[in-house]
Number of protein chains: 2
Amino acid sequence: MNTENYCIAGRLRMLARVMTGRYNDAFTQEGVTFAQAGLLMRIFAQPGIRQATLSKQLQIEKSAMSRDVQLLQKNGWLTDNLRNGLFLTEEGTLLAKRCHKIWKALNQQVWEEIGPDTVAGLSAFSDKILITNTQ
Amino acid sequence: MNTENYCIAGRLRMLARVMTGRYNDAFTQEGVTFAQAGLLMRIFAQPGIRQATLSKQLQIEKSAMSRDVQLLQKNGWLTDNLRNGLFLTEEGTLLAKRCHKIWKALNQQVWEEIGPDTVAGLSAFSDKILITNTQ
DNA sequence: TCCACAAAGTTGCATATGCAACTTTACTTT
DNA sequence: AAAGTAAAGTTGCATATGCAACTTTGTGGA
């Protein structure tokens, strides 16, 4: 493995595509994508959180976040005043809980599949990158 | 770090977003995204390659690949008969070469920034995932 | 109180992606 | 050669994202 042909960004993008597909499959039964489930679970864990905060946590551009959030609301999972902090509806809360069960099982499974050392490798990489790119 | 709150897919997606942004910045001067530059460089390295082959190499769905390729063609970087293997036009070839220079410098820089051990961590992770998800 | 400025959120525009269904091509077996 | 089938490619539809420009909100100072 050398600098000449190992593209960091390309590799990350490919991995993200592959893993996203796998997680998406798991959430199909609930009719949500992994991206949506992830947001629901975060809002469940941090009720009243602002879009700007989620943007920073997830490193997603604020306009993209705005649309992701609007999609959740369109599906009836968020209460109406988006500009005053995000809150799940009752339906959204139940869905978030179901998603968390699915997520927990799958994440555990993937974790075991690849082993703690390998996850540690990703984690180390992640720390380096995120420190560099988010102050 | 434990299974309870470290989401593999979420982390990968975030890293992909961050790194994509960084690589995109580098290619802005050429008016292409990293995704486009990456395809150009691959077609440069493998003239006549089929969409289906690129799809497998990059783990991108064939319909997405079809559109990515059409976009390159629309910009005049690919010759016309897409269904008979992909070939760069003269303009496409020059662009691919310029992109490769940019890519090489940036990838090298990122590589040094995070260090070989950390890259090795990503690589190990990558191998595990891709073996599992691509036979 | 009112204004100026910064932060948060939205919208227009464009790319990147996936799934399903459909079309086109290529190959194999009569 | 004709039919049937599998592989490759496309298109409709929807989500996920980013950049730039604009609007709304909130806050601190004159």
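Protein chains get the first letters and strands the later ones, always in sequence-line order, with residue 1 at the start of each.
A:R17 has its CZ atom 14 Å from the P atom of D:dT17, to the nearest Å. Atom CE in B:M65 sits about 8 Å away from atom P in C:dT17, given to the nearest Å. Rounded to an integer number of Å, the gap from CZ of B:F27 to P of C:dA14 is 23 Å. When the P atom of C:dG18 is taken as reference, atom CZ of A:F34 falls 15 Å away, rounded to whole Å. In this structure, A:N81 places its CG atom 12 Å from C1' of D:dT24, rounding to the nearest Å. One atom, CE of A:M14, and another, P of C:dT17, lie 12 Å apart when rounded to the nearest Å. Per the geometry, CG belonging to A:D68 stands 6 Å off P belonging to D:dT17, to the nearest Å. Here the C1' atom of nucleotide C:dA16 and the CD1 atom of A:I60 are 15 Å apart, to the nearest Å.
Side-chain contact annotation: B:S66 with B:Q70, donor-acceptor N/O pair under 3.5 Å present.
Listed pair A:Q59 / D:dG18 fails the phosphate criterion, with no side-chain N or O lying under 4.0 Å from OP1 or OP2. Within the structure, every side-chain polar atom (N or O) of A:Q51 is placed at least 4.0 Å from both OP1 and OP2 of C:dA7.
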Distances for protein N or O near nucleotides 19-22 of chain C N or O, under 3.5 Å:
residue : atom : partner : partner atom : Å
C:dC19  : N4   : B:S63   : OG           : 2.5

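Atom CD of B:Q29 has more than 12 neighbouring heavy atoms from other residues, nucleotides or ligands inside a 6.0 Å radius.
At distances below 3.5 Å, at least one donor-acceptor pair connects side-chain atoms of B:N107 with backbone N or O atoms of A:Y6. At least one donor-acceptor pair under 3.5 Å links the side chain of B:R17 to the backbone N or O of A:Q59.
Note that NZ of A:K97 and CD1 of A:I102 are 15.0 Å apart. Values are rounded to the nearest 0.5 Å.
Considering only side-chain atoms of B:S66, the nucleotide from C:dT17, C:dA8, D:dT11 that sits closest is D:dT11. Nearest nucleotide to the side chain of B:T33, out of C:dA16, D:dA16, C:dT10: C:dA16. The side chain of A:R83 approaches D:dT24 more closely than any other nucleotide in the set D:dA8, D:dT24, C:dT17. Listed nucleotides C:dT10, C:dT15, D:dT10 differ in distance to B:L82; the shortest reach to its side chain belongs to D:dT10.
A salt bridge links A:E113 to A:R22: one of the charged nitrogens lies within less than 4.0 Å of a carboxylate oxygen.
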Quiz prompt | Verdict with reasoning, A:L40 to A:L88, per side-chain contact (heavy atoms from CB on, under 4.5 Å) | solution = CA-CA 8 Å; A:L40 287 173; A:L88 297 175; 3.7 Å; yes

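The residue among A:N24 and B:N75 whose nearest nucleotide of DNA chain C is located toward the 5' end is B:N75.
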